[in-house]
Protein chains: 2
Amino acid sequence: MAEVRSPDTRERILDAAERLFMAHGYEGTSMRQITGEAGVNLAAVNYHLGSKKALVQEVFRRRLDWLNDERMRVLNAMEAEADGKPLKPSQIVDGFFGTLLRMADDERRGGITFLRLLGRMLTDPSEFIRAFFAHEYSEVIDRYKEALFKALPDVPKAEIVWRFHFMLGATSYAIAGTDALRVVTDWQIEEADATDRLDRLVPRLMSFLLGGLRAPLPQFSDAEAVGK
Amino acid sequence: MAEVRSPDTRERILDAAERLFMAHGYEGTSMRQITGEAGVNLAAVNYHLGSKKALVQEVFRRRLDWLNDERMRVLNAMEAEADGKPLKPSQIVDGFFGTLLRMADDERRGGITFLRLLGRMLTDPSEFIRAFFAHEYSEVIDRYKEALFKALPDVPKAEIVWRFHFMLGATSYAIAGTDALRVVTDWQIEEADATDRLDRLVPRLMSFLLGGLRAPLPQFSDAEAVGK
DNA sequence: CTATGATTCAAACGAACGTATGAATCATAG
DNA sequence: CTATGATTCATACGTTCGTTTGAATCATAG
């Protein structure tokens, strides 16, 4: 007795919203654009999702639920295998960022479109969006931070937390794929198509992240030091 | 004969816009919020700046002009000093990112507010904003890329370009200062106030960037390789 | 003081926004 | 076939948006 919940319309709305939020941001995308692109009636969003806020949250939830579960699964598997011994930093970084980046090839999980959306929205100014991410991510982040603490016992925890932050920034910006600064331009980069460039992005980014994570500790110029 | 161009109102508008764009983004900030915070009439923005688009561009231009000039000046000075020899990567990174980060302490240049605004807007979805950055930055970026090519002759140029991209992302995210993922939370980070945290952020970020820039080259698993 | 151009102001413009309504249409159970 | 609830639809509501207008006010030059 009516438990079906019309799969088609709701899904078409979420797909269109995913594309448009990626291209124009939350505030920059109107309900009329979304329903227009989805080929459904304007009122369908409020009927199926409730509101624009609920819509954008659902756009993320249907992808992030899987991502966070997968990250947890991978970390648990690695830790079970290690049997109490610390993991290698490269394993941890791959478990967190590699799992994310491999979503690019998985069209069922949103593919590159969702990755770019996520990269851009992580710095979105809307208060409730940032609050949503903080809630949705906190458990996984804490687990991975703990793993890094164990893997790098000689590095101060504060330092690891900051480097995690930096890694997130580099990754977020890379997957946002904004050519804002045309950093990656007509320089004779040999790669041809975007797919190929993406294949090579992952090992490139991983090398960079690990290099940053394992960099020598910074020297602070304060406290009992000379100047200032 | 009228060359004064009322310094006060125009500047008050730009200051208020800088704060509000930082807090709520371009699309999320209305002209009425801006003129309200600035304490000027609604029509003043269109009178002094022309339009909302022209306003946001001027908000950036009055800061970025100085930043880019300063980056050029620093690079030229270092290269003159080096007298034809390649610069050290740490010098180049400091010239580009250090010069940016030191703006945080310079209230005349917008201080931390402008830095956070810049960090967030670099991934802003609005097309014309990204185009504006691409135009405003390209010359400086090219000069610094060339310096890195010379400083790291054994690293493929494509690799350096990507790592520049990654460094930009880490920096942009760090200065955006979004606690989106609460990565930097109540973990007993010893620092007290935000100013102190910012002082220590610079050497921390620099270490991370240099570690990433100098990381071992990635291994690609394609071409004449085994799988896939 | 008067004249002139720069600036400020209150008010309004049309357009677009997110959301709500109630009738029409559809699918299915009995 | 009929009845019932789910879904779609055209339309409209009340706000807010960026921008424009023309008169009022200000500062300064002659």
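Throughout, protein chains are lettered first and strands after them, A, B, ... in sequence-line order, and every chain is numbered starting at 1.
Distance CG (A:D8) to P (D:dA6): 19 Å, rounded to an integer number of Å. Distance OH (B:Y47) to P (C:dT7): 4 Å, rounded to an integer number of Å. If you take CZ of A:R12 and C1' of D:dT8, they are 13 Å apart, rounded to a whole angstrom. Going from atom CG of B:L49 over to atom P of D:dT20 covers 13 Å, rounded to whole Å.
Here B:E70 pairs with B:R73 in a salt bridge; the nearest charged N to carboxylate O distance falls below 4.0 Å.
In this structure, B:F208 and A:F166 have tilted ring planes: the angle between them lies in the 30° to 60° band. Between A:F97 and A:F164, the ring planes lie tilted relative to each other; the angle falls in the 30° to 60° range.
At least one side-chain nitrogen or oxygen of B:T9 sits closer than 4.0 Å to the OP1 or OP2 atom of C:dT8. For D:dT8, one of the phosphate oxygens OP1 or OP2 lies less than 4.0 angstrom from a side-chain nitrogen or oxygen of A:H48.
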Base-pair map of DNA chain C as dot-bracket, where | denotes pairing with a different strand and pairs are Watson-Crick or G-U under 3.5 Å: ||||||||||||||||||||||||||||||

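With values rounded to the nearest 0.5 angstrom, A:L148 atom CG is found 4.5 Å from A:I92 atom CD1.
The two residues B:L201 and A:W162 make their nearest non-hydrogen contact at CD1-CZ3, 3.6 Å. Contact detail for A:M103 and A:L115: the closest heavy-atom pair is CB-CD1, 3.7 Å.
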Nucleic acid footprint by protein, nucleotides 15-26 of chain C - heavy-atom cut-off 4.0 Å, B for base, S for sugar-phosphate alone: --BBBBB-----

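Taking the ring centroids of A:F60 and A:F133, they lie under the 6.0 Å cut-off. Note: A:F114 and A:F21 fail the aromatic proximity criterion, with ring centroids not under 6.0 Å apart.
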